[in-house]
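This report refers to the structure that appears directly beneath it.
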Amino acid sequence: MANTDENSSLFLIFILTMLALPLVPYTIFRFVQSLTEKKKTIHCRCSECARSGKYRKSIYKKISNFSTCTNLTVLLLWVVMIVLIYYIKLSSHESQPFEPFSILGLEPGASDSEIKKSYRRLSVLYHPDKNPDPEAHNYFVEFIAKAYQALTDPISRENYEKYGHPDGRQQGFQMGIALPQFLLNIDGASGGILLLGIVGICILLPLMIAVIYLSRSSKYTGNYVMHHTLYTYFNCIKPSLAPNKVMEVFIKAQEYMEMPVRRTDEEPLQKLFVAVRSELNLDMKNIRTEQAKFWKQHPPLVKMELLIQAHLTRESLALPPALLKDYKHMLELAPRLLEELMKMAVLPRDAQGHGWLRPAIGVIELSQNIIQAVPLSARKAVGANSEGSAAFLQLPHFTESTIKKISRKKIRTFQEFCEMSASDRAEILTQIAGLSPAEAQDVELVLEMIPTITVEVTCETEGEESIQEGDVVTMYAWVSVRRANGLTGAHPHAPYFPFQKEENFWLLLADSTSNSVWLSQKVSFMDEATAIAAASKAIQETKEALGASLNEINLAIREAIDKVKNGSRLIMGKFQAPGEGTYALTSYCLCDAWIGCDTRSHVKLKVMKRSRAGTRSAYALEESTATAAAEEGIEEEEEEEEEDLDDYESEYSEDEEEEEEEKNSKKGKGKVVNGSVSRKGGTQSESEGSGAGADE
């Protein structure tokens, strides 16, 4: 067996190997991934966003971006590996081959007299009687005496000449255990202490960490939102909740309720109340009563509402440091709380599995106002401007006075302003609105960032020519984004929102008449690779279910990939067809960051009376009659099959005649009217087609 030092060295080599096996491939993968990432400017480059500092690449931000838990863990493991390699190199000794001639200082083939002469000379130097040094004694016994014996003893010399070692063929074979030395020297009390240490480190410590982690994580969902918050949102969301009342539900999140209300906050909040009082929906005729009622609310509710109103009215610069910290924490939580509130709004509530449209639109509008720091009152129609001034106020250097000045040129809507030529816009901004050329250039940069959204929606029952009641209907929607600067996914212009925010879109298929959302899905344009994989998989599964050939599947996948690369995303959803009738649905594509770029398109869904159920019963009747005919004779069986076939054809004869009549009277064709909308600003243009499954 090998000695304990060799066992310890083997243990270190074992640990080094276990570290290197996963660490080296993972590091190479992360390094290659970082090199292949597209580094492209996806945020606003106006002067206001530059002054906000959230996109500034300082040394601190670079360090904070690198110092994630994963990166720090990888770095620490590499440090451990380097230390292990260095220690193993110092502690391990390379085994040298046994060379008796070189030990005695002789050339190979020396005579016996020369061997004895060299031995006597070395004995004078290293023999214990001549040299009391312990190292000299060990060297004499282990090397000099052994070398002299190997060359003078006939058997040892023969083994050395044949096998290169005086002991013969089996030289240098050793076995070792890859364990540290302290584990091999266990006795009595030390063994019990070692056992307790192993149990504590390997069992109790991980168990304690797991218990602490689970006790804390049990309060939160996967989106790091408290379960209590979801419960509150679920119960507070009502189908008739007006958009201006969504704020009251939003601030009831448990995360906000747990924020401290200090005594030192009272005076700053009083001043803040005076500054934002016009935005609190108070009855000015009974202002004292309304004010007293407002302050009687739960203190965290009062604090959160005032802080949000301070953000919307851009009054946050006057906040003291303590309130400013709470203000930033409130805004940091806002995006994910609004996302969960949106999910609660579109959550299926009725027997048909539909959500609610009105509160969903209110949540998106609140999100837009928070990201852009625009008051909710700016959405109210003023005079000839039916859309309000909210969309204009998201532009840099725009104020209410600026909007009034440009309205003199009969610019009533944000869409009209966007559709103007750049030269005409610059002339109005510099000569009428009083902006400098640099400020007018900032406006152009932001207008280039605002997305133009196009939505194409198709609903059909897979493998069927019409939609009948009870069918599983599949919605296919291609959502496309175009920007003047050529980007597809980008961070919105939001200089007053102190954190980076990715723009997201919500696609809703809804019935505005009944205030119901049939389908909903969030859409992101940031990750192109994920969108390509999802679209390819969806197209492949759909085509395979329809029995398409391999070439047709590949062609459809290539077309889908080209669309995704050109700035489109495929959205698919399924719902059960309602009862017979014609339904005037609307598809909404709502952005959670920009004001005035939302789109909607009309989708007419014609659901026909169920007739395929009769077809299926005819097939069942065919099987039963065929079984009876097998007993009576082949001729009767054939007659029954012909009758069943006639019945099968007659079930669709009336439908085919109706379809022919509708085709002759209408230009379009298809199962459902497809809505296509392109919108940038406050107005929209719609194009509708109709076909066999739709009524005009």
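Side chain of Gln297 to backbone of Phe294: a donor-acceptor contact under 3.5 angstrom is found. The closest donor-acceptor contact from the side chain of Lys343 to the backbone of Leu230 lies at 3.5 Å or more, if one exists at all. A donor-acceptor pair is defined here as one N or O able to donate and one able to accept, closer than 3.5 Å; such a pair exists between the side chain of Arg314 and the backbone of Ala373. Side chain of Glu305 to main chain of Leu301: no donor-acceptor pair is present (N/O by atom type, distance under 3.5 Å, no hydrogens or angles). Panel note: side chain Ser367, backbone Val363; no donor-acceptor pair is recorded below 3.5 Å. Listed for the Glu255 side chain is a donor-acceptor partner under 3.5 Å among the backbone atoms of Met226. Formation of a donor-acceptor pair under 3.5 Å by the Asn235 side chain with backbone atoms of Tyr231 is found in this model. Put simply, the side chain of Asn566 gets close to the backbone of Asp562: a donor and an acceptor are under 3.5 Å apart. Checking side-chain atoms of Gln368 against main-chain N and O of Trp594 turns up a donor-acceptor pair under 3.5 Å. Distance alone, capped at 3.5 Å, places no donor-acceptor pair between the Thr229 side chain and the Val225 backbone.
Side chains of Met420 and Ile411 form a contact here, defined as non-hydrogen atoms less than 4.5 Å apart. The closest side-chain heavy-atom distance from Leu376 to Glu365 is not below 4.5 Å. Residues Pro396 and Val443 meet the side-chain proximity criterion, which asks for heavy atoms closer than 4.5 Å. Taking 4.5 Å as the limit, some side-chain heavy atom of Leu306 sits within range of a side-chain heavy atom of Val276. For the pair Trp518 and Leu508, the minimum side-chain heavy-atom distance is 4.5 Å or more. At a threshold of 4.5 Å between non-hydrogen side-chain atoms, the residues Phe414 and Leu395 count as touching. A 4.5 Å side-chain heavy-atom check between Pro451 and Phe525 finds every atom pair outside the cut-off. Using a 4.5 Å heavy-atom threshold, the side chains of Trp478 and Val457 count as separate.
For the pair Arg349 and Phe234, the cation sits on the ring face: its NZ or CZ lies under 6.0 Å from the ring centre, inside 45° of the axis. A cation-pi geometry, defined here as NZ or CZ lying under 6.0 Å from the six-membered ring centre and within 45° of its normal, does not hold between Lys238 and Trp356.
Residue Glu332 qualifies as enclosed at atom CD: its count of foreign heavy atoms under 6.0 Å is above 12. Dense packing is recorded around CD of Glu258, with more than 12 heavy atoms of other residues, nucleotides or ligands lying under 6.0 Å away.
Salt-bridge formation is not detected for the pair Lys293/Glu290: no Lys NZ or Arg NE/NH1/NH2 atom is positioned less than 4.0 Å from an Asp or Glu carboxylate oxygen. A salt bridge links Lys501 with Asp592: at least one charged nitrogen is closer than 4.0 Å to a carboxylate oxygen. The pair Glu528-Lys565 does not count as a salt bridge, with every side-chain nitrogen at least 4.0 angstrom from each carboxylate oxygen. Salt bridge status for Asp326 with Arg262: present, with a side-chain N to carboxylate O gap under 4.0 Å.
The distance from the CG atom of Leu331 to the CD1 atom of Ile371 is 8.5 Å, given to the nearest 0.5 Å. With rounding to the nearest 0.5 angstrom, the NE2 atom of His43 is 7.5 Å from the NE2 atom of His491. In this structure, OG in Ser520 is found 11.0 Å from NE2 in His354, a value given to the nearest 0.5 Å. Taken to the nearest 0.5 Å, the CD atom of Glu339 stands 9.5 Å off from the CD1 atom of Ile364. The distance from atom NZ of Lys245 to atom CG of Asn281, rounded to the nearest 0.5 Å, is 5.5 Å. Rounded to the nearest 0.5 angstrom, Leu333 CG and Lys328 NZ are separated by 14.5 Å.
With no hydrogens or angles considered, no side-chain donor-acceptor pair links His311 and Tyr496 at under 3.5 Å. Residues Thr454 and Ser480 bring no donor and acceptor atom of their side chains to less than 3.5 Å of each other. Residues Ser47 and Asp442 bring a donor and an acceptor atom of their side chains to less than 3.5 Å of each other. In summary, the side chains of Thr289 and Asn286 do not present any donor paired with an acceptor at a separation below 3.5 Å, with no hydrogens or angles considered. Residues Thr232 and Gln254 bring no donor and acceptor atom of their side chains to less than 3.5 Å of each other.
Taking the centre of each ring, Trp506 and Tyr588 stay at or above the 6.0 Å mark. Taking the six-membered ring for Trp, Phe250 and Tyr233 have ring centres at least 6.0 Å apart.
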Mind running side-chain contact (heavy atoms from CB on, under 4.5 Å) on Leu269 and Leu323 for me, showing each step along the way?
CA-CA 9 Å; Leu269 290 177; Leu323 274 182; 4.1 Å; yes

Test side-chain contact (heavy atoms from CB on, under 4.5 Å) applied to Arg425 and Leu447, step by step:
CA-CA 11 Å; Arg425 226 176 2 245; Leu447 290 176; 3.3 Å; yes

Stepwise side-chain contact (heavy atoms from CB on, under 4.5 Å) test for Arg600 and Val455:
CA-CA 8 Å; Arg600 63 179 181 178; Val455 182; over 6 Å; no

Set out, in order, the CA-CA distance, both residues' side-chain angles and the distance that settles side-chain contact (heavy atoms from CB on, under 4.5 Å) for Ser436 and Glu439, then state yes or no.
CA-CA 5 Å; Ser436 66; Glu439 292 173 340; 3.2 Å; yes

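Across every non-hydrogen atom of Ala538 and Met572, the tightest pair is CB-SD, 3.3 Å. Scanning both residues, Met449 and Ala490, for their nearest heavy atoms gives CE-CB, 3.7 Å.
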